[in-house]
Asker: 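Below you will find the structure I want to go over with you.
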Protein chains: 2
Amino acid sequence: MKIGVLAKQVGITVETIRYYESEGLLHPALRDPANNYRRYDHSHLERLIFIRRCRTLAMTHNEIKILLQARVEPDASCETINELIDEHIHHVQARMAELQILETQLIELRSQCRAAHTTRDCGILRELDHPIEESSEAQPEHSHVPGSQCRIERH
Amino acid sequence: MKIGVLAKQVGITVETIRYYESEGLLHPALRDPANNYRRYDHSHLERLIFIRRCRTLAMTHNEIKILLQARVEPDASCETINELIDEHIHHVQARMAELQILETQLIELRSQCRAAHTTRDCGILRELDHPIEESSEAQPEHSHVPGSQCRIERH
DNA sequence: TCTTGACCCTAAAGCAGCTTCAGGGTGTTT
DNA sequence: AAACACCCTGAAGCTGCTTTAGGGTCAAGA
């Protein structure tokens, strides 16, 4: 099948498929000698479905590559896979905890402005003007709010 | 003060400060004619603290620009600000809901492999091989799992 | 005085996972 | 023959920085 058909079957764009090929996630397709169009078969479809399933679970391309590799090594131990998923779950949970805190802070902030009608008297702006005091367990060094290196960014 | 001092006071890197200037978040600093070094005063410090506070609340540069603008228009209505924060809270909540679902799915997935020791028999890989069936309220068109355009990506 | 080290400057590339754009061929229909 | 849908490549854009390369400035110590 041609790339457009494959894309429709999987529910992604043709650009994404070409991108996956360039990323090494998807094997390069055979080309039609007549016009250089990519030709796909059922194994490509299956692999793409696998990849998309992983992506909806917010895995990175690197993680997916590991899983794809495991997939073609039926005799290998699946310990790596289990660890990968466990670690991934931890990332998701950590991200949720961060957002939980964020939500609390934002709702607190929002509560500062219920009545005022000019920015001059807006409690929100006033509160944003002050640095963040860490409630407890503050790092002694200097108060970098770390940045968290979280990979669970989309979907 | 010089950029390094300012950076230390706020707890960010000099590169970030220069980046904020290039982004239009921070007004360009006056330059020391002798050596072209940036010179900052207290208003820059305050503005940077404001910006950082917004960033720890995961606001985008665009949102921050709107708030910075409101900050210098004391007579304007603060309705925009309230709406901005409300919408932002919604984004955070939506993101959390997504992650909640993700967590459930991942834990379900993880439970597929408790005993097996080769990838051949790994329930995780097996489950990843199948497309995602949306439990209910499926879109009729084709089953795009949307992608969610979420901006709450870090911190 | 010379050198060392800390600090400053700019411009460009890198990260992740795509999407969009520019510019151009192919293939079928009308 | 024109129109339209589809295919191709390569490069840039998105977000919020960080990193790298290459090069000046300045104060202090040998």
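Residue numbers begin at 1 in each chain, while the letters A, B, ... track the order of the sequences.
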Asker: Just jot down the salt bridge (Lys or Arg N to Asp or Glu O under 4.0 Å) partners of A/Arg18, sequence neighbours excluded, or say none.
Answerer: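 Expected list: none.
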
Asker: Quick one: is D/dC17 close enough that its OP1 or OP2 comes under 4.0 Å of any side-chain N or O from B/Arg52?
Answerer: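 So the side chain of B/Arg52 is within the cut-off, an N or O lying under 4.0 Å from OP1 or OP2 of D/dC17.
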
Asker: Would B/Tyr20 and B/His61 count as a close aromatic pair, with their ring centres under 6.0 Å?
Answerer: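 Centroid distance B/Tyr20-B/His61: below 6.0 Å, so yes.
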
Asker: Does the side chain of B/Thr16 get closer than 4.0 angstrom to OP1 or OP2 of D/dG16 through an N or O atom?
Answerer: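 For D/dG16, OP1/OP2 do not have a side-chain N/O of B/Thr16 under 4.0 Å.
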
Asker: For the helix from C/dT1-D/dA30 to C/dT30-D/dA1, what angle separates the axis at the start from the axis at the finish, each from five pairs, in steps of 10°?
Answerer: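 Computed from the C1' atoms at both ends, the axes differ by 40°.
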
Asker: What is the distance, rounded to the nearest whole Å, between atom NE2 of A/His91 and atom C1' of C/dA16?
Answerer: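 Checked: the NE2 to C1' distance equals 15 Å.
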
Asker: Tell me: CZ of A/Arg18 to P of C/dT19, nearest whole Å?
Answerer: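 After rounding, the gap between these two atoms is 12 Å.
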
Asker: OP1, OP2 of C/dC18 versus side-chain N and O of A/Arg55: anything below 4.0 Å?
Answerer: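 Yes, A/Arg55 has a side-chain N/O under 4.0 Å of OP1/OP2 on C/dC18.
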
Asker: To the nearest Å, how far apart are B/Lys2 NZ and D/dT25 P?
Answerer: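 Spelled out: NZ on B/Lys2 to P on D/dT25 is 13 Å.
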
Asker: What is the separation between atom CD on B/Glu15 and atom P on D/dA21, rounded to the nearest whole Å?
Answerer: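 Between P of D/dA21 and CD of B/Glu15: 14 Å.
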
Asker: Tabulate atom names and distances for all N/O pairs under 3.5 angstrom spanning the protein and nucleotides 1-3 of chain C.
Answerer:
none

Asker: Using side-chain contact (heavy atoms from CB on, under 4.5 Å) as the criterion, list what pairs up with A/Leu45, not counting sequence neighbours.
Answerer: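 Only A/Met1, A/Leu6, A/Gln9, A/Val10, A/His42, A/Ile49 meet the side-chain contact (heavy atoms from CB on, under 4.5 Å) criterion with A/Leu45.
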
Asker: Kindly write out the residues that satisfy salt bridge (Lys or Arg N to Asp or Glu O under 4.0 Å) with B/Arg126, not counting sequence neighbours, or none if the list is empty.
Answerer: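 Expected list: none.
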
Asker: A/Glu79: which residues meet the side-chain contact (heavy atoms from CB on, under 4.5 Å) condition with it, sequence neighbours left out?
Answerer: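 So A/Glu79 forms a side-chain contact (heavy atoms from CB on, under 4.5 Å) with A/Ser77, A/Glu83.
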
Asker: Nearest whole Å is fine: how far is C/dC18 P from A/Ile51 CD1?
Answerer: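 So the CD1-P distance, A/Ile51 to C/dC18, works out to 10 Å.
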
Asker: Can you name the salt bridge (Lys or Arg N to Asp or Glu O under 4.0 Å) partners of A/Asp86, sequence neighbours left out?
Answerer: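 Expected list: B/Arg110.
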
Asker: Mind calculating the distance between CD (A/Glu63) and C1' (C/dG17) to the nearest angstrom?
Answerer: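 It is 14 Å, rounded to the nearest whole Å.
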
Asker: Does CG belonging to A/Leu30 count more than 12 external heavy atoms closer than 6.0 Å?
Answerer: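 No, not enclosed.
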
Asker: Using heavy-atom distances to pick each residue's nearest nucleotide on DNA chain C, tell me which of A/Tyr20 and B/Val14 is more 5'.
Answerer: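 Comparing both residues, the 5'-ward one is B/Val14.
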
Asker: Report the distance from atom CG of B/Leu6 to atom P of C/dC7, rounded to the nearest whole Å.
Answerer: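 Nearest whole value for this atom pair: 15 Å.
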
Asker: Minimum heavy-atom separation for A/Leu25 and A/Leu68, please, with both atom names.
Answerer: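 Shortest heavy-atom contact: O-CD1, 3.7 Å.
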
Asker: Please name all residues satisfying salt bridge (Lys or Arg N to Asp or Glu O under 4.0 Å) with B/Glu73, sequence neighbours left out, ordered by chain then number.
Answerer: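 Here no residue qualifies.
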
Asker: How far apart are the closest heavy atoms of A/Tyr40 and A/Lys2, and which atoms are they?
Answerer: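 Looking at all heavy atoms of both residues, the shortest contact is CD1-C, 4.3 Å.
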
Asker: So, B/His88 side chain and B/Leu57 main chain: donor-acceptor pair closer than 3.5 Å or not?
Answerer: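 Yes; at least one donor-acceptor contact below 3.5 Å.
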
Asker: Please list, by residue number, the residues of residues 25-45 of chain B whose heavy atoms come closer than 4.0 Å to an atom of DNA chain C; answer none if no residue qualifies.
Answerer: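 Within this stretch, B/Arg31, B/Asn36, B/Tyr37, B/Arg38 sit under 4.0 Å of the strand.
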
Asker: State whether B/Thr13 places a side-chain N or O below 4.0 Å from either non-bridging phosphate oxygen (OP1 or OP2) of D/dC17.
Answerer: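 The answer is no; no side-chain N or O of B/Thr13 sits under 4.0 Å from OP1 or OP2.
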
Asker: What string of B, S and - do you get for nucleotides 10-15 of chain D, 5' to 3', if B is base contact, S is sugar-phosphate-only contact and - is no contact with any protein heavy atom under 4.0 Å?
Answerer: ------

Asker: In chain order, what residues pass the side-chain contact (heavy atoms from CB on, under 4.5 Å) check against B/Asp75, with sequence neighbours excluded?
Answerer: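 With neighbours one apart ignored, the set is A/Arg120.
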
Asker: Quick one: does B/Arg55's side chain have a donor or acceptor within less than 3.5 Å of a partner on B/Met59's backbone?
Answerer: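 Yes, B/Arg55 side chain to B/Met59 backbone: donor-acceptor pair under 3.5 Å.
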
Asker: Tell me every residue that passes side-chain contact (heavy atoms from CB on, under 4.5 Å) with A/His27, counting only those two or more places apart in sequence or in another chain.
Answerer: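 Partners of A/His27 by the side-chain contact (heavy atoms from CB on, under 4.5 Å) criterion, ordered by chain and then number, come out as A/His44, A/Arg47.
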
Asker: Could you tell me the separation between the CD1 atom of B/Ile3 and the P atom of C/dA6, rounded to a whole number of Å?
Answerer: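 Interatomic distance, CD1 of B/Ile3 to P of C/dA6: 18 Å.
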
